[in-house]
Amino acid sequence: MTDLHRLSIREMTEGLKTAQFSSRELTQHYLDRIAKIDGRVQSYVTVTAEQALAQADAADNLLKSGTAGILTGVPIAHKDIFCTQGIRTSAGSKMLDNFISPYDATVVAKTKEAGLVTLGKVNMDEFAMGSTSESSFYGATKNPWNLEHVPGGSSGGSAAVVAADLAPIATGTDTGGSIRQPASFCGLTGLKPTYGRVSRFGMIAFASSLDQGGPMARSAEDCAFLMNTIAGHDAKDSTSVDKAVDDYVANLNATAVKGLRIGIPKQYFNVQGLDADVKARVEESLKKLQEMGATLVEIDLNMTEAYVPTYYLIAPAEASSNLSRYDGVRYGYRCENPTDILDLYKRSRSEGFGAEVQRRILIGTYALSAGYYDAYYVKAQKVRRLIQQDFLKAFENVDVIAAPSAPTTAYKIGANLSPTEMYLGDIYTLAVNLAGLPAINAPVGFDANQLPVGLQLIGNYWSESQLLSIVHQYQQNTDWHTKRAAIAEENV
Ligand code: GLN
């Protein structure tokens, strides 16, 4: 079959269960597509073809013996931030270019236990810092909708593989928008779960109090299948929460859109730099939800101006601490011929880290230094709490909050935004991480250049089921999520 990549995850699982095709055929189909198409998209950092086919054969045995799980035999790509045993795990950095992980991240272990087949590891901004995937040591990944544009970031590779049909689903991570923004730029559905819902064990740390893994896929239904696999408590992650996990697939129709109260933050739709097409598509999607029975309620989120400065103190502060472990001594990049230990530290870190990572280490170290700690870091933590309270107050009156996922569609590759311009592009996503809330991106149309636009829905804590359900019903009534980039339509 030449069009296996057009199947939804549900159709794929049904095809495997009824032996219409085997996991080996399905896996080989994706490997062929990767070989033929990924030269242009450049989304994979590592393709694990041999291991994938072995996993596919094991899956086929389980399918034959009737002992397969729901997702057994379905291929997946992992962001190269998740540790994979025996396979390079680079985090998009020269620092870890030679790092073969000795263990699996919990998310990876769970997908393996569920019988999913790992196709490979996909590109990302270095240590997940960025919004374009251009800061990767491995070069820029291309947006499947227009190869001259970025796929977004930092989970740009995860978005590109799904949008080009080089994997049916992918894992991503979101510290300040890195699942939602690339999903928006590539016309996908992506869910950032509540902080603590998905284990961070073996997920290379950027900013530990903000980082959260989640699914990226074509539809809410596809995301729900992956969430059922990766969510849950993990004793190996002390911030993972011991709370029963919903059946996200079974709940896809459980939330009534009729009567749903959707908050529209006044402050969000007058942001300077909000593209007119983005605004129009998001408003049209809200109108559609209104037709489906939802009520739009204007709300205030008064802390909007504080999002970017607060995040860009806290995230670099945590990053500077997390990245101190890369010292050239224990693992990762080591400079040639160091003269002494200080030279070893200095040159290994100067040569191993790229410009954006070094910038964040500098900002973070500064904010955490004795003279500035109270003025910057402690102050930012206090503002963070106010941002959270702003949301909790809003949720007293509304069920979910709507926003764009990003103020623009995908930037051109090499647009060379200044750091501040790039940071401002994160305005709609950062606060969700600062507050630890869940949020989802859904594709809702295109701009004048045929680049996808995304709607973001932000929910209260643990409302992943509700968010997936709302988007699922929206997707039953619209067809934006079924649109494919020309490159995805190519048969191999
Ligand atoms: N773009 C944001 C940053 O550069 C968010 C990145 C992320 O979520 N990993 O920090």
Side-chain angles (χ1 to χ4, degrees), residues 79-82 90-93 122-136 141 150-159 170-186 190-193 195 198 200 203-216 273 307-320 322-323 353-364 367 380 384 404-408 410-411 415 417-441 454 456 458:
K79 184 175 182 178
D80 209 12
I81 200 166
F82 289 99
S90 73
S93 182
V122 294
N123 204 16
M124 54 181 283
D125 278 301
E126 186 177 10
F127 285 101
M129 299 174 192
S131 309
T132 65
S133 298
E134 288 170 294
S135 74
S136 169
T141 293
V150 302
S154 66
S155 310
S158 311
T171 51
T173 64
D174 192 312
T175 302
S178 281
I179 287 177
R180 292 160 284 156
Q181 184 258 27
S184 173
F185 281 13
C186 290
L191 174 73
K192 182 261 169 211
Y195 184 77
V198 172
R200 290 187 300 109
M203 195 176 102
I204 293 175
F206 163 10
S208 310
S209 77
L210 304 163
D211 297 343
Q212 187 62 200
M216 300 177 71
Y307 296 170
V308 175
T310 306
Y311 172 89
Y312 278 100
L313 275 167
I314 291 175
E318 294 187 19
S320 71
N322 272 324
L323 271 59
F353 289 137
E356 183 60 27
V357 172
Q358 294 196 27
R359 179 177 299 118
R360 307 250 181 143
I361 291 173
L362 281 172
I363 297 171
R384 178 180 189 172
S405 286
T408 66
Y411 317 114
L417 303 183
S418 72
T420 22
E421 283 171 323
M422 193 156 89
Y423 300 167
L424 285 170
D426 297 335
I427 176 86
Y428 293 120
T429 47
L430 303 175
V432 162
N433 302 72
L434 289 168
L437 295 165
I440 194 165
N441 176 77
Q456 179 181 202
I458 304 167

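Remember, it's 1-based here, ligands and their atoms both numbered in the order they're listed.
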message: At under 4.0 Å between heavy atoms, is it the side chain or the backbone of Asp426 that contacts ligand 1, or both, or neither?
response: side chain

- prompt: Which residue supplies the protein heavy atom nearest to atom 6 (C) of ligand 1, what is that atom called, and how far is it?
  reply: Ser178 OG, 2.9 Å

statement: For Ser131, the atoms of ligand 1 under 4.0 Å from one of its heavy atoms are 1 (N)

task: Output yes when the distance from some N or O of ligand 1 to some N or O of Thr173 is under 3.5 Å, and no in every other case.
output: no

- request: Of the side chain and backbone of Lys79, name the one, both, or neither that has a heavy atom under 4.0 Å from an atom of ligand 1.
  value: neither

query: With respect to Gln456, which candidate in Gln181, Arg180, Lys192 satisfies the side chain to side chain donor-acceptor pair (under 3.5 Å) definition?
result: Arg180

- prompt: Can you tell me if Gly177 has a non-hydrogen atom under 4.0 Å from ligand 1?
  reply: yes

- request: For Ala128, counting its heavy atoms only, list the atoms of ligand 1 lying under 4.0 Å from any of them.
  value: 6 (C), 7 (C), 9 (N)

- request: Look at the aromatic rings of Phe127 and Phe353 and report parallel, tilted or perpendicular, splitting at 30° and 60°.
  value: perpendicular

- request: Check the side chains of Asp211 and Thr173 for a donor-acceptor pair under 3.5 angstrom, ignoring hydrogens and angles.
  value: no

message: Between Val357 and Ser93, is there a side-chain heavy-atom distance shorter than 4.5 Å?
response: no

query: In ligand 1, which numbered atoms sit nearer than 4.0 Å to a non-hydrogen atom of Ser154?
result: 9 (N)

query: With a 6.0 Å cut-off on ring centres, are Phe185 and Tyr411 close enough?
result: yes

- line: Closest non-hydrogen atoms of Tyr311 and Thr175, given as atom of the first, atom of the second and distance, are CE1-O, 3.4 Å

Heteroatom distance test (Met129, ligand 1): nitrogen or oxygen, under 3.5 angstrom: no

- prompt: Taking atom types as modelled, is there a side-chain donor on Asp125 or Ser135 under 3.5 Å from an acceptor on the other?
  reply: yes

- prompt: Which pair of heavy atoms, one from Asn441 and one from Ala183, lies closest together, and at what distance?
  reply: ND2-C, 3.4 Å

message: Between ligand 1 and Arg360, can you find any atom pair, the residue atom being a heavy atom, that is separated by under 4.0 Å?
response: yes

Heavy atom of Tyr312, distance to ligand 1 below 4.0 Å: yes

- prompt: Which of these, Tyr311, Tyr423, Phe206, has its nearest heavy atom closest to atom 5 (C) of ligand 1?
  reply: Tyr311

